[in-house]
Amino acid sequence: MTLENKFNEQIAPERFEIVGARPSDADSLNKKQISFWQEVMYRFSHNKLAIIGLVILAFITIMAIFAPMFSSWSYEENTGLYNTAPSAAHWFGTDDLARDLFVRVWIGARISLFIGLAAAVIDLIIGVLWGSISGLLGGRVDNIMMRIADVLTAIPYLLVVIILLVVMEKGLIPMIIALSFTGWVNMARIVRAEVLSIKSREFVLASRTLGAGSWHLIKRHLIPNAMGAILVTMTLTIPAAIFTESFLSYIGLGVQQPLASWGTMASEGNKAIQSAPWRLMFPALFISLTIFAFNAVGDGLRDALDPKLRK
């Protein structure tokens with residue numbers, strides 16, 4: 001008997017079970033592959049705290065846009081009722097100048113959200129370009145650019161903003177410029193770190209070999225692959241800008257009368273906290289809710305981009 005026959009006798013076909021896909025597995029086997037960003041959105045949508053934050057932001061944004069339109073009062077109009085408590089006629093009450101606080105709170109939301117978003121967009125543009133160029137070119141260029149960033153970082157952020165606001169005329173545009181003067185440095189550092197990691201990967205090296213220039217690499221490869229870190233950083237930059245604007249308006253360096261701002265309203269309400277506590281309660285509540293919501297969304301997005309960060 002040959003060795004092959006002995007082997008066939010020892011390992012008979014009936015000893016084996018044919019393993020195949022069960023009919024119930026057909027759907028999962030035929031399931032379409034999802035992209036990276038689809039997977040991120042799936043994980044984000046299952047983060048309850050992030051969804052709560054997103055709902056709060058949507059509510060505040062919608063109210064800021066539409067609520068003043070449906071009121072019969074303007075944000076600076078005298079209603080004839082001074083320091084009245086919340087009622088059916090004036091849902092958030094009135095202030096010492098008889099202005100409707102419901103309208104002023106949502107006008108203040110427009111201003112605070114606009115300043116926060118505008119400052120974050122400027123930080124995004126400058127920081128992404130600065131960090132991308134610095135990380136991609138490396139060497140002496142990287143060293144010079146990052147030393148400039150170090151010098152700006154060494155100066156306390158709030159001190160820079162206050163000095164600029166004292167020097168410049170008060171208003172929305174000077175406020176945005178002051179907030180963005182050094183605010184972009186953090187974004188630049190994060191983007192640079194991402195670029196240093198990405199630029200040594202095979203697809204970037206292959207693109208360079210084929211003759212791609214620096215701008216092409218930044219636009220087509222580096223920024224898209226660093227988008228996760230960029231989005232998280234921007235989401236967390238907005239509440240920081242809103243809080244800083246509220247603080248500066250609170251101490252009188254931000255938005256000026258008769259415009260409404262959560263910071264100026266909180267400052268005015270603090271003076272009447274004993275007799276009219278609602279004047280401080282509403283702006284402080286919405287400042288807190290907005291910052292909480294943005295931070296919750298930012299943390300949820302970070303966890304969705306990197307599940308290993310979850311505790």
Side-chain angles (χ1 to χ4, degrees), residues 34-44 47 50 116-158 160-161 177 179-241 244 294-295 297-311:
I34 63 174
S35 67
F36 169 74
W37 286 106
Q38 287 175 323
E39 186 177 355
V40 168
M41 292 308 299
Y42 174 80
R43 289 198 292 261
F44 180 85
N47 187 317
L117 288 170
V121 168
I122 295 174
D123 290 351
L124 171 73
I125 295 171
I126 299 176
V128 167
L129 290 176
W130 192 279
S132 298
I133 295 170
S134 177
L136 178 61
L137 299 182
R140 183 175 296 179
V141 174
D142 178 43
N143 189 44
I144 293 173
M145 293 180 74
M146 295 317 296
R147 294 299 75 77
I148 294 173
D150 289 341
V151 170
L152 293 175
T153 306
I155 307 172
Y157 171 70
L158 196 56
V160 173
V161 175
I177 294 172
L179 291 173
S180 304
F181 190 79
T182 61
W184 57 268
V185 175
N186 184 51
M187 177 70 79
R189 290 183 179 279
I190 290 172
V191 172
R192 174 182 176 270
E194 291 291 316
V195 168
L196 289 175
S197 172
I198 296 168
K199 74 175 186 177
S200 59
R201 296 181 184 176
E202 291 80 359
F203 62 90
V204 178
L205 297 176
S207 187
R208 269 184 164 174
T209 303
L210 294 173
S214 297
W215 177 242
H216 178 83
L217 292 174
I218 290 173
K219 182 175 66 173
R220 296 295 300 274
H221 298 297
L222 300 179
I223 292 179
N225 283 280
M227 190 55 67
I230 291 171
L231 288 175
V232 172
T233 305
M234 186 175 181
T235 306
L236 298 176
T237 299
I238 296 172
T244 305
F294 271 113
N295 287 331
V297 171
D299 288 342
L301 186 57
R302 181 197 60 188
D303 292 346
L305 287 163
D306 190 353
K308 293 182 291 185
L309 294 175
R310 292 181 178 177
K311 296 181 180 179

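Position 1 is the first residue of the sequence; numbering continues from there.
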Apply the test side-chain contact (heavy atoms from CB on, under 4.5 Å) to residues Met187 and Ile190: give CA-CA distance (whole Å), side-chain angles for both, the deciding distance (0.1 Å), then the verdict. CA-CA 5 Å; Met187 177 70 79; Ile190 290 172; 5.5 Å; no
Asn47 and Arg43: CA distance, side-chain angles, deciding distance, side chain to side chain donor-acceptor pair (under 3.5 Å) verdict: CA-CA 7 Å; Asn47 187 317; Arg43 289 198 292 261; over 6 Å; no
- Task: Apply side-chain contact (heavy atoms from CB on, under 4.5 Å) to the pair Ile125 and Trp184, showing each step before the final yes or no.
- Result: CA-CA 8 Å; Ile125 295 171; Trp184 57 268; over 6 Å; no
Verdict with reasoning, Trp130 to Ile148, per side-chain contact (heavy atoms from CB on, under 4.5 Å)
CA-CA 11 Å; Trp130 192 279; Ile148 294 173; 4.1 Å; yes
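Ser134 contributes atom OG, which lies 8.5 Å from atom CZ of Arg147 (distance to the nearest 0.5 angstrom). Interatomic distance, Leu129 CG to Ile218 CD1, rounded to the nearest 0.5 Å: 7.5 Å. Taken from CD1 in Ile122 to CG in Leu117, the straight-line distance is 11.5 Å, to the nearest 0.5 Å. In this structure, OG1 in Thr233 is found 10.0 Å from CG in Leu301, a value given to the nearest 0.5 Å. Between the CG atom in Leu217 and the CD1 atom in Ile198 there is a gap of 11.5 Å [rounded to 0.5 Å]. Considering CZ of Phe181 and CD1 of Ile126, their distance stands at 10.0 Å, rounded to 0.5 Å.
A heavy-atom distance below 4.5 Å is not found between the side chains of Thr182 and Ile155. At least one side-chain heavy atom of Tyr157 sits under 4.5 Å from a side-chain heavy atom of Leu179. Side-chain contact between Arg189 and Asp150 is present, with at least one heavy-atom pair separated by less than 4.5 Å. Using a 4.5 Å heavy-atom threshold, the side chains of Met234 and Asp123 count as separate. Side-chain atoms of Val297 and Phe44, non-hydrogen and from C-beta on, do get closer than 4.5 Å to each other.
Gly116 and Ala241 get closest at one heavy-atom pair: CA-CB, 3.8 Å. Annotation for Gly135 and Val195: closest pair C-CG1, 3.7 Å, computed over non-hydrogen atoms. Annotation for Val128 and Val191: closest pair O-CG1, 3.8 Å, computed over non-hydrogen atoms.
Between the side chain of Tyr42 and the backbone N or O of Ala304 there is no donor-acceptor pair closer than 3.5 Å.
For residues 192-207, the set of pairs meeting the salt bridge (charged side-chain N to carboxylate O under 4.0 Å, His left out) definition, not counting sequence neighbours, comprises Asp142-Arg192.
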